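One structure below.
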There are 2 protein chains.
Amino acid sequence: MADFDKNDMDTFCRAPFFKGLARQTVERLFAVGDCATFAKDTLISSIGDNFGTVLFVISGLLRVSVCSASGRRITFLLVKEAEPYNLLGPYLNRSRFLEAQALEKTRCLKIRDRDYLKFVEQHPAIVHNILQWIGKSLDSANSRLLDLMEKKVETRILRVLSTLHQKFGSPLLFTSQEISEIAGTTPESTLRTMGLLREMGILSTQRGKIWIHDPPALKDTEFGAIKI
Amino acid sequence: MADFDKNDMDTFCRAPFFKGLARQTVERLFAVGDCATFAKDTLISSIGDNFGTVLFVISGLLRVSVCSASGRRITFLLVKEAEPYNLLGPYLNRSRFLEAQALEKTRCLKIRDRDYLKFVEQHPAIVHNILQWIGKSLDSANSRLLDLMEKKVETRILRVLSTLHQKFGSPLLFTSQEISEIAGTTPESTLRTMGLLREMGILSTQRGKIWIHDPPALKDTEFGAIKI
DNA sequence: ACCGTTCCATGACGGCCGTCATGTACGAAC
DNA sequence: GTTCGTACATGACGGCCGTCATGGAACGGT
């Protein structure tokens, strides 16, 4: 418990995932877990292994992605502070094909599968939060499916920029490569699109940084938003 | 309760979703629900409404899809007997953008959101089943994302045919239109691909029917399977 | 200050596949 | 049996966008 301070718990209590939970419940969650710190670029779980540990990011950023046979990476999720990773892992005793990596130095609350399962049993209130979170993830995945089937690359990139802006603010610290891995396209297409947006005065770019000047212009909403 | 017979419960008890649950639990699930029968082509929930009811199909088939602005339909899920629909709806008190429709005459066990929430609270064992089911759905959605970003149309159609064959056997009672709505392509592309497969002797087709002669030939697995 | 690496930027090309068009065949209804 | 609606089948065209190539700029390490 010495690993965590009161501040960490405060942050969690205010975060969307923990909404509606008693502070005591959050404290007990901390009590059943350990602190784990991953250096930048650490591979936390790789494809094929049976990763049953649940993580809650305290500070830093995790990327959940796969690297396909053709060498292209596809990013499913970015996990930031007070967000959970692998909520369902302990319930699926089979290897998943996802890979998690720390994009920067990341400190996590780490909970072993058995402790997690026991905790959920003993604190049924959290089931509500878990299901809500997963539900949003599922809706988001479906929205992205729709985007990929329906929309052109430019629209998808717009959506990704908009979503990232909502989640991380401005400037965005991502390269065109990283953007393209989320949008499902190539760095070249991303750069071309951002070139257009720059001409339109909607954003400006620097090596690894993107300033969004006109967030509403990115909104092209049809149906639900995606969640990254 | 007179709406259901012992046979219905037997089917459910044997089904994957209910694996590991006591028969008594299944019986009580039936007890809190009503029987609902939908005629073919009935729209069960449409886009934008706040559909909080959980359904378990007893017989028949439901399609979960969206119809995009450009008029193209995209099918996310086919729900067959002993499978659940809208497991998470009661936990997400916001309108979802999915639309459910009965593809044939379909009989369901219908459970109102409040009854469902109460049931889950009183029967924590089912949480495990729910999370497992949702976990598979999430993995499946991610697999489809990967397919759409990575694979060409032919491969996707192959995957869809393979998955449908596993779930429904042979012959498949789907039109090229319906296949394309799952694979995220057009009927023309689907027909062209199936033309090739027919020449290779892997399948044969008739109006609305597809016989798969060589299921292994359809397998081109990389990473997880999709689930339709 | 030099150099290597990484990222940005932009042009040219080509192929996949979505769109349109046309014709055929099957099945249901009367 | 005739008719009509729907699905199958296949060809032609065109555009989006992925790939390759080239050059320049920014940053870090020594």
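Reckoned from all heavy atoms, side chains included, excluding hydrogens, waters and symmetry mates. Each chain gets a letter, A, B and so on, in the order its sequence line appears, and its residues count up from 1. Bear in mind the structure is a predicted one, so any value in this text is a computation, not a measurement.
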Taking salt bridge (Lys or Arg N to Asp or Glu O under 4.0 Å) as the cut-off, I'd like each qualifying pair that reaches into residues 10-19 of chain A, sequence neighbours left out, listed once. A:K6-A:D10, A:D10-A:R23

Qualifying salt bridge (Lys or Arg N to Asp or Glu O under 4.0 Å) pairs with a residue from residues 50-59 of chain B, counting only residues at least two apart or across chains: none

For residues 169-211 of chain A, which residue pairs pass the ring pair (Phe, Tyr, Trp, His ring centres under 6.0 Å) check, not counting sequence neighbours? A:F168-A:F174

Sequence neighbours excluded, every pair satisfying ring pair (Phe, Tyr, Trp, His ring centres under 6.0 Å) that has a member inside residues 45-64 of chain B: B:F17-B:F56, B:F18-B:F56

Under the rule for salt bridge (Lys or Arg N to Asp or Glu O under 4.0 Å), what residues qualify as partners of A:E154, not counting sequence neighbours? none

Got a sec, which residues hit salt bridge (Lys or Arg N to Asp or Glu O under 4.0 Å) with B:E81, two or more places apart in sequence or on another chain? none

Between A:K110 and A:A36, the two heavy atoms sitting closest are CD-CB, 4.0 Å

For DNA chain D, what residues of residues 184-196 of chain B have any heavy atom nearer than 4.0 Å? B:E188, B:L191, B:R192

Which nucleotide span of DNA chain C, 5' end to 3' end, has atoms closer than 4.0 Å to non-hydrogen atoms of chain B? C:dC17 to C:dG27

Show each protein N/O and nucleotides 23-27 of chain D N/O combination with a separation under 3.5 Å, one pair to a line.
{"from": "D:dA26", "atom 1": "N3", "to": "A:R207", "atom 2": "NH1", "distance (Å)": "3.3"}

Short side-chain N/O contact from B:T205 to OP1 or OP2 of D:dA7, under 4.0 Å: no

Return a table of donor-acceptor pairs under 3.5 angstrom between the side chains of residues 100-109 of chain A and protein atoms on other chains or two or more places apart.
{"from": "A:Q101", "atom 1": "OE1", "to": "A:R63", "atom 2": "NH2", "distance (Å)": "2.7"}
{"from": "A:Q101", "atom 1": "NE2", "to": "A:D41", "atom 2": "O", "distance (Å)": "3.2"}
{"from": "A:T106", "atom 1": "OG1", "to": "A:L61", "atom 2": "N", "distance (Å)": "3.1"}
{"from": "A:T106", "atom 1": "OG1", "to": "A:L61", "atom 2": "O", "distance (Å)": "3.3"}
{"from": "A:T106", "atom 1": "OG1", "to": "A:E104", "atom 2": "O", "distance (Å)": "2.7"}
{"from": "A:R107", "atom 1": "NH1", "to": "A:D3", "atom 2": "O", "distance (Å)": "3.4"}
{"from": "A:R107", "atom 1": "NH2", "to": "A:D8", "atom 2": "OD1", "distance (Å)": "3.3"}
{"from": "A:R107", "atom 1": "NH2", "to": "A:D8", "atom 2": "OD2", "distance (Å)": "3.1"}

Tell me which of B:E199 and A:R72 sits closer to the 5' end of DNA chain D, going by the nucleotide each one is nearest to. B:E199

Donor-acceptor contacts under 3.5 Å from residues 180-188 of chain B side chains, at least two apart:
{"from": "B:S180", "atom 1": "OG", "to": "B:S176", "atom 2": "O", "distance (Å)": "3.3"}
{"from": "B:S180", "atom 1": "OG", "to": "B:Q177", "atom 2": "O", "distance (Å)": "2.7"}
{"from": "B:E181", "atom 1": "OE2", "to": "B:Q177", "atom 2": "NE2", "distance (Å)": "2.9"}
{"from": "B:T186", "atom 1": "OG1", "to": "B:S189", "atom 2": "N", "distance (Å)": "3.3"}
{"from": "B:T186", "atom 1": "OG1", "to": "B:S189", "atom 2": "OG", "distance (Å)": "3.2"}

Taking only residues two or more places apart in sequence or in another chain, which ones pass side-chain hydrogen bond (donor to acceptor under 3.5 Å, both in side chains) with B:N142? none

